[in-house]
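These notes concern the structure reproduced below.
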Amino acid sequence: MSIANRYDPAAIERDLYAEWEHSGAFAPSGNGAPYCIVIPPPNVTDRLHVGHAFQHTLMDALIRYQRMNGRRALWQTGTDHAQIATQMVVERQLAAQGIALQDIGREKFIDRVWAWKESTGGAITQQIRRMGSSVDWNRERFTMDEGFSRAVLEVFVRLYEDGLIYRGQRLVNWDPQLKTSISDLEVENVEEPGHLWHIRYPLADGVYTADGDDHLVVATTRPETMLGDTAVAVHPDDERYRSLVGNSVILPLAGRRIPIIADGYVDREFGSGCVKITPAHDFNDHAIGTRHGLPLVNIFNADASVNDNAPVPYRGLDRFEVRKRVVADLEAADLVERVQDHTMTVPRGDRSKATIEPWLTDQWFVKIAPLAGPAIEAVRDGRVRFVPKQYENMYFAWMRDIQDWCISRQQWWGHRIPAWYDDAGNVYVGRTEAEARAKAGLADHVALRQDDDVLDTWFSSALWTFGTLGWPERTQELADFHPTDVLVTGYDIIFFWVARMIMMTLRFTGEVPFRKVYIHGMVRDATGAKMSKTSGNGLDPLDIVDGIATEELVAKRTANMTQPQMAAQIAARTRREYPDGIQPYGTDAVRFAFCALASQGRDLAFDLKRIEGYRNFCNKLWNASKFVLSHVDGAAQDSAALNGPVALSAADRWIRSLTGRLAANAHAAIADYRFDLYANAVYEFAWHEYCDWYVELAKPVLFDAQAPPEHVRAVRKTLLETLAALLRIAHPIVPFVTETLWRHIAPRAGLGGDTIMRQPFPSPDDLPADLGAEAAVAWLKGVTTAIRNIRGEMNVSPAKEVELLLQDGDTADRQRLAATEALLKRLAKVGALRWLAEDEEPPPASVQVVGRLKVMVPLAGLIDADAECARLRKEIDKLNKDLARVDAKLGNANFVAKAPAAVVAKERDRGAALRAQFAVLDAQLSRLEAA
RNA sequence: GGGUGUUUAGCUCAGUUGGGAGAGCAACGGCCUUACAAGCCGUAGGUCGCAGGUUCGAGCCCUGCAACACCCA
């Protein structure tokens, strides 16, 4: 079977993945030490976006690398039920059909969600496959599947029994649109323009302020909440109001009498220094209310319309409508002193984007402090390490101030809370209703009703590492693969997920969930802007893999929008940015780009130009392999072509040495999670050493019919063996092209295996450094480059053979030339070559200096003397600058006295070399100018 | 308001204990040289955000400032 003439990723990638998957190659195997990564479970509502693809690429590179190193590698995959996000999507679909939730009821709704999940859940797994991710599909899990749900139930019940889960009436973040509580983390604080209203509250009982006013002025951004005010607070040390503390004001509109209290929380500088206190609708006010024993007046319904605790005219109206009316009514009563423009921080739900209300409800909470302590300790003592380390500070800061976690959601889709109530409102918790009854010794005739709420989606994902491995059963997988080795995730979910995993896992397994947390940056578009559906700059990774036409992309980006008014703008932007659509680049190119861009501690700008470059890289690998195969197969009839004695040349030894260095660098880079350094090392070696130099160095031998067989064999074997090593080293990044090429290259290199996936990752020990060979090739490269430079600068056609003159130099130069003359002649297209005697006057020539060696190309007919003079002046100029810097350094007595001897010696050598070069070039310039 | 990160070539980014500023892309010049024009050869381009400090020596260490990004309040 011969290799296709052209690299075409579409032709290889799909079939290869199916073959891998069916062969069972992704499952852990062998007797090596276990290695495990759990995938951060994507939401079933999602399609894979480039951020996922990026993250998965890094994980797959790690898994493939460890698998090649003989580890029993498990990449645990699965998806998350994404409680709120999923419910929202299905609700919206129903709404589009004119169906309201209460019409169909809880059970039917949940059936609908499952049906929808079954119909779309496949999309994301298909995308994971197309990205080449070698996950173990046999072990795929879903956070709502039976086994995992059991783990969730178990954890809830045990935490409850241990007193770490409690139910209580608390002020929580309430989303009036979704009509559910959400946790602190799910609230985004957004700065928005607003107003600050200064409102007069009349003093009761005929008292006056120190300034003689009959009222206090309070400033608020939310005048509607005054309907629930139960006090006005001033600072205890504020002389202006000290005498009024203990008196009352009459709350306007409501007409209630409320006290004036003193509390250190009040900022005297803000507004008039008087603050309205609404304990039922503000977290800070609630704390003050608790301190002062103030009553709570809840004025909102679940949808944030105003309830019957407010004066009649406002009842039943939406909060924003009430705001307008309250302001109007106050103005009518001349109680508004002034109105300022004011930037306010508005809390919004991260899913619904609705303005959140602090609202008093009964909810379930996790008591967090007993869980946080051990979790802080685990990071402090290094059982869990963050990479990069700076994220540990972020983790500590958050964990120190962590508040109890509200885990109940007033929704239907999700893990239903395993608590039951009797008619008296007593609560019974158990794994089943029967267990709950049994524990409480309840008679069968006592009616119980299960809690309607479901759990926060992050409650279940916190159990992901051990829940997927079979907990609460004591499975072999749990024993083998837990703690997992590394978690690869973005900094955006350190609090949501990483911290909670550490807390829960320590509590229930006594182990950390993972030993390392590799935190990657966020993928942004080519201009560095955040990718999002609403700004329409997001990309489906498969559209880069397979390519997409402009209009198709426009259609995709403007479909199913939450903000349809943006469609025209997005369409225009898309047409501008992708006038010719996106070419099909193939999975390998995209993966290579992700690795190369994965530098630590920063977001990455995702640029298609980079992908194109790496597609070209894959093509380069393909063509190099084609070259190697053609020269091996051409000789295949000759059984001695590869078998028999070999005599390795300096070039052969050099590329072997560099291959060893590549292996060492790759191992080190992966150990440090430096995917960028790893990818760059592969790129640099493959393109600029193997292809640019070694293949060229191989040609003179391969094309020479007279070459001794042991030399030819050495070149063929070296081409094959180093390419085979390169393919294995590159495989974790670019699995498809390397596997395809491997199957052609490996058998000829005497290496077995149907798949590169199970081949050992090359060890530097197999290819020790050969300093002699490296020095020899460095010399050859230097002389070749010098001649090419003359050609380039003098516009001598590469096709034109030139004469080469050498002069001076030392014995090493002569030895090296002798060893590599044939190579040099080919690489630099040199015809005649002659050493000049030391005292021989060279003909007019263009000259370069390599070490002590003068490299000259005679001008005769080839080179313009004026151009050469100009070039020399430029060179001399540069030399002079360098020399001046070196001399300044050496002229500094302090430098010579204090710098390490080696540094000084190096500087002296550099000076001497520069001076020698200068002498040659300067003499050459005078000679040409004289002529 | 507190914290973290970033600032290096036109663009995107490397730069590992302080010791001659790098890559890719873009640009410019020359090449269809028997693996590859998705290529080859060569060239040019930077006050390393600003201001101080430490040091014989600073992109790197310290202080301050600025801009941008993000996290927390």
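All values reported here derive from a predicted model rather than from experimental measurement.
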Neighbour count above 12 (heavy atom, 6.0 Å) for E192(A) CD: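 Yes.
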
K353(A), NZ atom: more than 12 neighbouring heavy atoms under 6.0 Å: yes

Pairwise 5' ranking along RNA chain B for P9(A) and K874(A), keeping only the more 5' one: P9(A)

Closest-nucleotide ordering on RNA chain B, the 5'-leading residue of D882(A) and T785(A):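 Nearer the 5' end of the strand: D882(A).
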
[X] and [Y]: side chain donor to acceptor below 3.5 Å:
X       : Y       : value
N789(A) : Q848(A) : yes
N892(A) : K889(A) : no
Y491(A) : D603(A) : yes

Between [M] and [N], how far apart are the [atom1] atoms? Round to whole Å, please.
N      : M      : atom1 : value
A35(B) : C41(B) : P     : 14 Å
C61(B) : U55(B) : C1'   : 10 Å
G45(B) : U54(B) : C1'   : 33 Å
A73(B) : G59(B) : C1'   : 35 Å
G42(B) : C68(B) : P     : 43 Å
G20(B) : C48(B) : P     : 16 Å
C62(B) : U6(B)  : P     : 12 Å
A21(B) : U63(B) : P     : 26 Å

Residue [X], side-chain heavy atoms: nucleotide from [options] that is nearest:
X       : options                : result
L185(A) : C72(B), G20(B), U4(B)  : C72(B)
Y7(A)   : U4(B), G42(B), A38(B)  : A38(B)
K609(A) : A26(B), A38(B), G20(B) : A26(B)

Sugar-phosphate only, base, or nothing, as touched by R615(A) at under 4.0 Å among non-hydrogen atoms: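 Base: the residue R615(A), judged by heavy atoms under 4.0 Å, touches a nucleobase.
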
Touch class at under 4.0 angstrom, heavy-atom based, for Y614(A) against every strand present: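 The residue Y614(A) makes no contact with any strand.
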
Spacing between [X] atom [atom1] and [N] atom [atom2], to the nearest angstrom:
X       : N      : atom1 : atom2 : answer
H688(A) : C36(B) : NE2   : P     : 19 Å
K800(A) : C40(B) : NZ    : P     : 25 Å
Y683(A) : A23(B) : OH    : C1'   : 9 Å
N880(A) : G20(B) : CG    : P     : 20 Å
N619(A) : A37(B) : CG    : P     : 8 Å
D887(A) : G20(B) : CG    : P     : 16 Å
Y491(A) : G3(B)  : OH    : C1'   : 15 Å
E186(A) : C72(B) : CD    : C1'   : 17 Å

Under-3.5 Å donor-acceptor pair between R788(A) side chain and G42(B) base: no

Any W687(A) side-chain nitrogen or oxygen under 4.0 Å from OP1 or OP2 of C40(B):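 So the side chain of W687(A) is within the cut-off, an N or O lying under 4.0 Å from OP1 or OP2 of C40(B).
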
Kindly indicate whether the side chain of [X], heavy atoms from C-beta on, has any atom under 4.5 Å from the side chain of [Y].
X       : Y       : answer
M856(A) : I790(A) : no
Y614(A) : R591(A) : no
N173(A) : P347(A) : no

Measure all distances between protein nitrogen or oxygen atoms and nitrogen or oxygen atoms of nucleotides 56-61 of chain B, and list the pairs falling under 3.5 Å.
unit_1 : atom_1 : unit_2  : atom_2 : d
C56(B) : OP1    : K898(A) : NZ     : 2.4
C56(B) : O2'    : N892(A) : ND2    : 2.9

From R222(A) atom CZ to H281(A) atom NE2, the distance as rounded to the nearest 0.5 Å: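 Result: 8.5 Å between the selected atoms.
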
Pairwise distance CD1(I376(A)) to CE(M399(A)) - rounded to 0.5 angstrom: 5.0 Å

Annotated protein contacts, base or backbone, on nucleotides 10-17 of chain B with a non-hydrogen cut-off under 4.0 Å, one of B, S, - each: --BSSS--

Summary of protein contacts for nucleotides 29-35 of chain B, nucleotide by nucleotide, where a base hit scores B, a sugar-phosphate-only hit scores S (4.0 Å, heavy atoms): SSS-B-B

Whether F594(A) and F54(A) hold their rings parallel, tilted or perpendicular, with breakpoints at 30° and 60°: tilted

Whether F495(A) and W398(A) hold their rings parallel, tilted or perpendicular, with breakpoints at 30° and 60°: parallel

Sequence-distant partners of Y690(A), ring-ring contact (aromatic ring centres under 6.0 Å, His included), two or more places apart: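 ring-ring contact (aromatic ring centres under 6.0 Å, His included) check on Y690(A) returns nothing, list empty.
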
Contacts of E191(A) that satisfy salt bridge (Lys or Arg N to Asp or Glu O under 4.0 Å) - sequence neighbours left out: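 None.
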
Pairing pattern in dot-bracket form [Watson-Crick, G-U; both distances under 3.5 Å; | = partner strand] for RNA chain B: (((((((..((((.....[..)))).(((((.......))))).....(((((..]....)))))))))))).

Nearest heavy atoms of A593(A) and I611(A), plus distance in Å: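 Minimum heavy-atom contact is CB-CG1, 3.9 Å.
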
Heavy-atom closest contact (R908(A) atom, L890(A) atom, distance): CG-CD2, 3.8 Å

